[in-house]
Amino acid sequence: MTVVSTPPPALPVRDKGAGRALSPMLTRLAEERATGVLVREHGVLHLAEGRVVHAESPLAPGLDVLLTAHGTLAATAWQQAAARTTGPLLAAELLLRSGVLPTGALELCHLDALYDAGYFALAPSSTPGRFRYDSTPRLGPLPSVPVVALERETLRRRLLLHRLWPDPAADTAPLIRADPATGRAPANPAGPTTPGTQAARAAPATPVTPRQRAVLDRVDGVRTAADIARNLGRQAFHTLVDVRRLTAAGQIAPAPTAPAPPPPPPYQVTTDPDIALLKRLRDALEAL
């Protein structure tokens with residue numbers, strides 16, 4: 001009789017990051033179906049009954065830019081709608097009711113802007129978030145997003161950017177052209193060299209796509225990725241993808257920061273010669 005021993009199946013490995021919320025406060029607000037505005041360091045999330053209905057960030061173009069930059073909507077039409085309402089979300093709903101835009105086009109642009117700004121709003125911050133309960137946000141005709149869906153998409157985008165180029169310095173710094181003659185990526189100042197960065201540096205120069213060329217043409221040592229996204233009327237995250245790829249290819253680099261000024265010389269106590277003379281005179285008079 002032959003005994004066949006089959007090894008037991010491997011136990012599933014739990015993803016350490018799977019159960020970790022990007023914002024515990026946001027998770028709690030979703031659970032209690034809160035309505036209001038969550039203000040974080042890099043953006044704002046508007047909640048209605050625990051769902052995200054709108055997001056804003058200074059690092060991402062707004063819905064108005066995405067709609068008007070490429071002729072989807074005339075700039076005057078947006079300005080008129082914005083003048084009659086109290087925010088971009090209400091302006092978009094007004095445009096939807098008036099039939100100026102097809103429903104599908106407006107809903108798609110709204111979701112693009114929400115996920116784009118939400119990515120930056122959920123970025124790691126150095127200050128705690130603040131939530132203001134407010135009945136203004138509401139579930140309207142435009143689609144809303146569950147908090148868990150926004151967090152999942154944010155994590156996916158972070159991972160994608162890390163795989164393209166692990167150093168995030170180019171995401172927020174002014175961008176400059178790198179040496180095009182070498183076709184090699186700049187050194188990673190954020191930390192030690194990794195196998196991913198070594199492979200990127202050793203790889204031959206890759207051709208620049210038309211989308212990347214549009215980004216590259218706007219690199220002037222002053223504009224950041226967010227500035228380029230607004231100038232192009234594109235989502236900021238999609239611009240970051242092009243920026244990371246161009247950085248990995250050695251085409252662009254973050255502008256070097258100005259060196260810190262030297263520390264002031266230590267304070268030295270100087271003795272005024274007039275005071276010293278007066279002290280000697282006083283001592284001489286007291287000795288008389």
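This one's a predicted model, so the numbers in the text were calculated from it and none came from an experiment. Heads up: numbering here begins at 1 and tracks the sequence. Computation of the quantities below employed the complete heavy-atom set of this structure, encompassing side-chain atoms and omitting hydrogens, waters and symmetry-equivalent molecules.
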*asked:* Pair Glu93, Arg138 - check salt bridge (Lys or Arg N to Asp or Glu O under 4.0 Å), show working.
replied: CA-CA 12 Å; Glu93 292 180 359; Arg138 57 183 177 80; 2.7 Å; yes
_Pair Leu161, Tyr119 - check side chain to side chain contact (heavy atoms under 4.5 Å, CB included), show working._
CA-CA 12 Å; Leu161 291 179; Tyr119 169 80; 3.2 Å; yes
*Begin from the C-alpha positions of Arg28 and Glu31 and carry the test salt bridge (Lys or Arg N to Asp or Glu O under 4.0 Å) through to its verdict.*
CA-CA 5 Å; Arg28 177 178 59 80; Glu31 292 173 350; over 6 Å; no
*After noting the C-alpha distance and the side-chain angles of Leu232 and Val215, does the key distance pass the side chain to side chain contact (heavy atoms under 4.5 Å, CB included) rule?*
CA-CA 8 Å; Leu232 291 171; Val215 173; 4.0 Å; yes
_Stepwise side chain to side chain contact (heavy atoms under 4.5 Å, CB included) check, Arg213 with Arg211_ = CA-CA 5 Å; Arg213 173 60 59 186; Arg211 282 185 58 90; over 6 Å; no
*Under the side chain to side chain contact (heavy atoms under 4.5 Å, CB included) criterion, do Val208 and Gln212 qualify, and how do the steps go?*
CA-CA 6 Å; Val208 176; Gln212 294 170 358; 3.6 Å; yes
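A salt bridge does not link Arg158 with Glu153: every distance from a Lys NZ or Arg NE/NH1/NH2 to an Asp or Glu carboxylate oxygen is 4.0 Å or more. A salt bridge does not link Asp167 to Arg244: none of the charged nitrogens lies less than 4.0 Å from a carboxylate oxygen.
Separation of atoms CG (Leu38) and OG (Ser23) is listed at 5.5 Å; rounding is to 0.5 Å. Considering CG of Leu240 and CG of Asp171, their distance stands at 4.5 Å, rounded to 0.5 Å. To the nearest 0.5 angstrom, Arg84 atom CZ is 9.5 Å from Leu95 atom CG. Here His42 contributes atom NE2 and Ser125 contributes atom OG; the two are 6.0 Å apart, rounded to the nearest 0.5 Å. Put simply, OG1 on Thr209 and CG on Asp242 are 6.0 Å apart, with the number rounded to the nearest 0.5 Å. Between atom CG of residue Leu67 and atom SG of residue Cys109 there is a gap of 4.0 Å, rounded to the nearest 0.5 Å.
Under the side chain to side chain contact (heavy atoms under 4.5 Å, CB included) test applied with Trp78, the options Asp64, Val100, Val65, Leu101 reduce to a single match, Asp64.
A pairwise comparison of heavy atoms in Leu175 and Ile252 identifies CD1-CD1, 4.2 Å as the closest pair. For Ala236 against Phe120, the heavy-atom pair with the smallest separation is CB-CE1, 3.5 Å. Gly118 and Ala55 get closest at one heavy-atom pair: N-CB, 3.8 Å. Here the closest non-hydrogen pair linking Phe131 and Leu47 is CE1-CD1, 3.9 Å. Taking both residues in full, the closest heavy atoms of Gly233 and Ala69 are given as CA-CB, 3.5 Å, listed atom of the first, atom of the second, then distance. Contact record, Ala121 with Leu45: CB-CD2, 4.0 Å, taken as the closest heavy-atom pair.
Linking Ile, Leu, Val, Met, Phe, Trp and Tyr residues whenever their side-chain heavy atoms come within less than 4.5 Å leaves Leu142 and Leu94 in two separate clusters. Hydrophobic clustering of Ile, Leu, Val, Met, Phe, Trp and Tyr side chains at less than 4.5 Å, counting indirect connections, keeps Val44 apart from Tyr133. Criterion: ILVMFWY side-chain heavy atoms under 4.5 Å apart, direct or through other members. Under it, Val53 and Leu90 are not part of a common hydrophobic cluster. Two different hydrophobic clusters hold Tyr115 and Leu89 under the rule that ILVMFWY side chains link at heavy-atom gaps under 4.5 Å. Hydrophobic clustering of Ile, Leu, Val, Met, Phe, Trp and Tyr side chains at less than 4.5 Å, counting indirect connections, keeps Val52 apart from Val37.
Not counting sequence neighbours, Arg234 has no partner by the side chain to side chain donor-acceptor pair (under 3.5 Å) test. With sequence neighbours excluded, the residues satisfying side chain to side chain donor-acceptor pair (under 3.5 Å) with Asp227 are Thr224. Every residue two or more places apart in sequence or in another chain that forms a side chain to side chain donor-acceptor pair (under 3.5 Å) with Arg33 is listed here: Glu49.
The closest donor-acceptor contact from the side chain of Gln251 to the backbone of Ala178 lies at 3.5 Å or more, if one exists at all. With Arg223 contributing its side chain and Ile228 its backbone, the two residues share no donor-acceptor pair below 3.5 Å.
Residues Val219 and Val243 are not in side-chain contact: their nearest non-hydrogen atoms beyond the backbone lie 4.5 Å or more apart. Counting heavy atoms from C-beta on, the side chains of His54 and Pro137 never come closer than 4.5 Å. The shortest side-chain heavy-atom distance between Thr136 and His46 does not fall under the 4.5 Å cut-off. Between Thr103 and Pro141 there is no side-chain heavy-atom pair separated by less than 4.5 Å. Using a 4.5 Å heavy-atom threshold, the side chains of Leu122 and Arg40 count as touching.
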